[in-house]
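Beneath this line is the structure, given in structure tokens, with notes to follow.
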Amino acid sequence: MGQEGGGASGRGRCVGRLARASTEDGPSGGQFGYSGSVAAGGCGFLGEHVVRMLLQREPRLSELRVFDLHLGPWLEELKTGPVQVTAIQGDVTQAHEVAAAVAGAHVVIHAAGLVDVFGRASPETIHKVNVQGTKNVIEACVQTGTRFLVYTSSMEVVGPNIKGHPFYRGNEDTPYEAVHKHPYPCSKAQAERLVLEANGREVRGGLPLVTCALRPTGIYGEGHQIMRDFYHQGLRLGGRLFRAIPASVEHGRVYVGNVAWMHVLVARELEQRAALVGGQVYFCYDKSPYKSYEDFNMEFLGPCGLRLVETRLLAPYWLLMLLAALNALLQWLLRPLLLYAPLLNPYTLAVANTTFTVSTDKAQRHFGYEPLFSWEDSRTRTIRWVQAMEGSAQ
Ligand SMILES: NC(=O)C1=CN([C@@H]2O[C@H](COP(=O)(O)OP(=O)(O)OC[C@H]3O[C@@H](n4cnc5c(N)ncnc54)[C@H](O)[C@@H]3O)[C@@H](O)[C@H]2O)C=CC1
Ligand SMILES: CC(C)CCC[C@@H](C)[C@H]1CC[C@H]2[C@@H]3[C@H](O)CC4=CC(=O)CC[C@]4(C)[C@H]3CC[C@]12C
């Protein structure tokens, strides 16, 4: 009962209101009742928005467990509200910690993952967290009787592929040759497959597991680390950023609040619409405009005092490829001494230089999703966040 440690091993650390997180709790509908949720990865960029969205927009929620390797201090402020928020420090790669956190919950939103396309972590670590971690979440649901699982997948499961084929205004049924080599998209694709295959498995108590996967395109909004990096880089360069990728290459982007809303909504609807939604994938989309990665970032960085300098003649694509290859070589050479992981490498250059945009209404048709935030709201909120950043030019 209420053990500090959050897990059977006592390794996972529980802060906040203590809650029972033992695998002995039995199937969902038990102690925590119908409305207990687990947000795995709940302290990440997306996870924090999911947690806040659940608290704001899920009136039936009585208990929320936030499970993450690194707990955020902002969780403290949530403890005074009407919902019992339990912060559980734990590792998705540790099956017993996951099972202890999941036991007795109604639904799990699994957004924990290692998002690394820069070579910071080894391929083995990426696999362990993203694939083994997801297996552990699925097994935890099956063993403890949690029936509903929403997995945060990624557009990277589809592409861009290593051949650089454009995916232009595609939807969930658009044929595309998905070929991955990089550990991150490989891991997301494997994890997504596991989640979808688990749909219909019998969980403790005899009922079927209902799963689905959401595939965000590039997420932006308050808390976006790469936006922060670009902003600070621009400040260091005297208020300028240099265009590296042609403006004609379009990227699908989606506001973090809308991605969070889609998770909350589908988690709510999974039970009523199990036959339709179970085993399905959905791109995450909203009304954000189709633009190149850099032009899109300028929608926020421009009003914060940065300008984008056109440099196509100064930096032709072959030069970027050379620099990217050089970065990869330096990363490899320096590995024994230090971690060199710049934004530009052959993989990020290929992704940045390939059109990938989605146009779909599947989530609207299947579970009534409409973006909660208009493009104007999303833009304003993101600009305010950049302006409030430390070292801001404003
Ligand atoms: N940022 C983006 O543009 C996109 C992200 N995604 C997916 O969304 C999910 C969330 O991504 P972000 O919020 O951007 O990343 P993030 O790195 O901000 O959040 C991930 C969270 O998972 C936690 N985590 C990592 N390893 C863990 C472990 N072993 N055990 C428990 N928790 C662990 C981290 O501490 C972090 O709080 C990921 O699954 C990612 O693949 C999908 C598409 C686009
Ligand atoms: C200096 C370069 C020429 C430009 C660098 C930009 C890149 C760092 C980013 C361009 C596209 C981004 C990726 C895209 O948004 C899709 C993603 C989905 C995910 O699930 C994880 C993140 C990412 C791979 C994202 C990473 C940064 C870019 C490669």
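Side chains included, hydrogens not; waters and symmetry mates left out as well; all remaining heavy atoms used. As the structure lists them, so they are numbered: ligands from 1, and atoms in each ligand from 1.
- At a heavy-atom cutoff of 4.0 Å, ligand 1 is contacted by the side chain of K188 but not by its backbone.
- T134 and H110 form a side-chain donor-acceptor contact under 3.5 Å, judged by distance and modelled atom types alone.
- Close N/O approach between G218 and ligand 1 is not found [any backbone or side-chain N/O within under 3.5 Å].
- Put simply, CZ on F373 and OG1 on T380 are 11.5 Å apart, with the number rounded to the nearest 0.5 Å.
- Aromatic ring pairs are classed by plane angle as parallel below 30°, tilted from 30° to 60° and perpendicular above 60°; the pair H251 and Y293 is perpendicular.
- Heavy-atom contacts of C43 reach the following atoms of ligand 1: 37 (O) (cutoff under 4.0 Å).
- The heavy atom nearest to atom 6 (N) of ligand 1, out of those in S153, G113, A112, A121, is found in S153.
- In terms of polar-atom proximity, defined here as any N/O pair under 3.5 Å, L69 does make such a contact with ligand 1.
- Within ligand 1, the atoms closer than 4.0 Å to a non-hydrogen atom of Y184 are 6 (N), 40 (C), 41 (O), numbered from 1 in the order shown.
- Remark: the backbone N or O of H182 is not paired with any side-chain donor or acceptor of H180 at under 3.5 angstrom.
- A cation-pi contact links R215 to F283, judged by a cut-off of 6.0 Å to the six-membered ring centre and 45° from its axis.
- Ligand 1 is never approached by G133 to a heavy-atom distance shorter than 4.0 Å.
- Counting atoms of ligand 1 from 1 in the listed order, those under 4.0 Å from a heavy atom of D91 are 28 (C), 29 (N), 30 (N).
- Closest to atom 5 (C) of ligand 1, if we only count protein heavy atoms, is I219 CD1, 3.8 Å.
- Checked options V92, D91, L69; the residue passing with V129 is V92 (criterion: side-chain contact (heavy atoms from CB on, under 4.5 Å)).
- Both tests hold for R169 against Y290: distance to the six-membered ring centre under 6.0 Å, angle to the ring axis within 45°.
- The closest approach between any non-hydrogen atom of Y220 and ligand 1 is not below 4.0 Å.
- Within the structure, ligand 1 has V115 among the residues with a heavy atom less than 4.0 angstrom away.
- Put simply, the side chain of V203 does not reach to within 4.5 Å of the side chain of Q143, judged on heavy atoms.
- Each of the following atoms of ligand 1 lies closer than 4.0 Å to a heavy atom of T152: 7 (C), 8 (O), 9 (C), 39 (O).
- If you look at T217 next to ligand 1, the close heavy atoms, those under 4.0 Å, all belong to the backbone.
- In terms of modelled atom types and a separation under 3.5 Å, the side chain of Q331 and the main chain of F118 share a donor-acceptor contact.
- Atoms of ligand 1 found under 4.0 Å from any heavy atom of H70 (numbered from 1 in listed order, with element): 35 (O).
- The closest heavy-atom contact to atom 30 (N) of ligand 1, among the options L71, V92, V259, D68, comes from V92.
- With sequence neighbours excluded, no residue forms a side-chain hydrogen bond (donor to acceptor under 3.5 Å, both in side chains) with Q190.
- With a 4.0 Å heavy-atom cut-off, ligand 1 is reached by the side chain of V129 but not by its N, CA, C or O.
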Between ligand 2 and the protein, which N/O pairs are shorter than 3.5 Å?
{"residue": "ligand 2", "atom": "20 (O)", "partner": "S154", "partner atom": "OG", "Å": "2.7"}
{"residue": "ligand 2", "atom": "20 (O)", "partner": "Y184", "partner atom": "OH", "Å": "2.7"}

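- Evaluation of the side-chain hydrogen bond (donor to acceptor under 3.5 Å, both in side chains) rule for S288 yields Y220, D286 as partners, not counting sequence neighbours.
- Taking any N or O of L46, backbone or side chain, at least one lies under 3.5 Å from an N or O belonging to ligand 1.
- Qualifying side-chain hydrogen bond (donor to acceptor under 3.5 Å, both in side chains) partners for T354, counting only residues two or more places apart in sequence or in other chains: none.
- Close to ligand 1: G90, with a non-hydrogen atom less than 4.0 angstrom away.
- Nearest protein heavy-atom contact of atom 19 (O) of ligand 1 is G44 CA, 3.4 Å.
- Judged by the shortest distance from any of its heavy atoms, G72 lies outside the 4.0 Å radius around the atoms of ligand 1.
- In this structure, the protein non-hydrogen atom closest to atom 18 (O) of ligand 1 is F45 N, 2.9 Å.
- In this structure a side-chain-to-backbone donor-acceptor pair under 3.5 Å is present from T146 to A105.
- Atoms of ligand 1 lying under 4.0 Å from any heavy atom of A111, numbered from 1 in the order shown and given with element: 9 (C), 10 (C), 38 (C), 39 (O).
- Using bins of under 30°, 30° to 60° and over 60° for the plane-to-plane angle, the ring pair F148/H106 lands in the tilted bin.
- The shortest side-chain heavy-atom distance between V210 and N199 falls under the 4.5 Å cut-off.
- In this structure, K362 forms a cation-pi arrangement with Y282, its terminal cationic atom sitting closer than 6.0 Å to the ring centre and no more than 45° off the ring axis.
- Between F45 and H49, the ring planes are perpendicular. Angles over 60° get that label, and only those under 30° would be called parallel.
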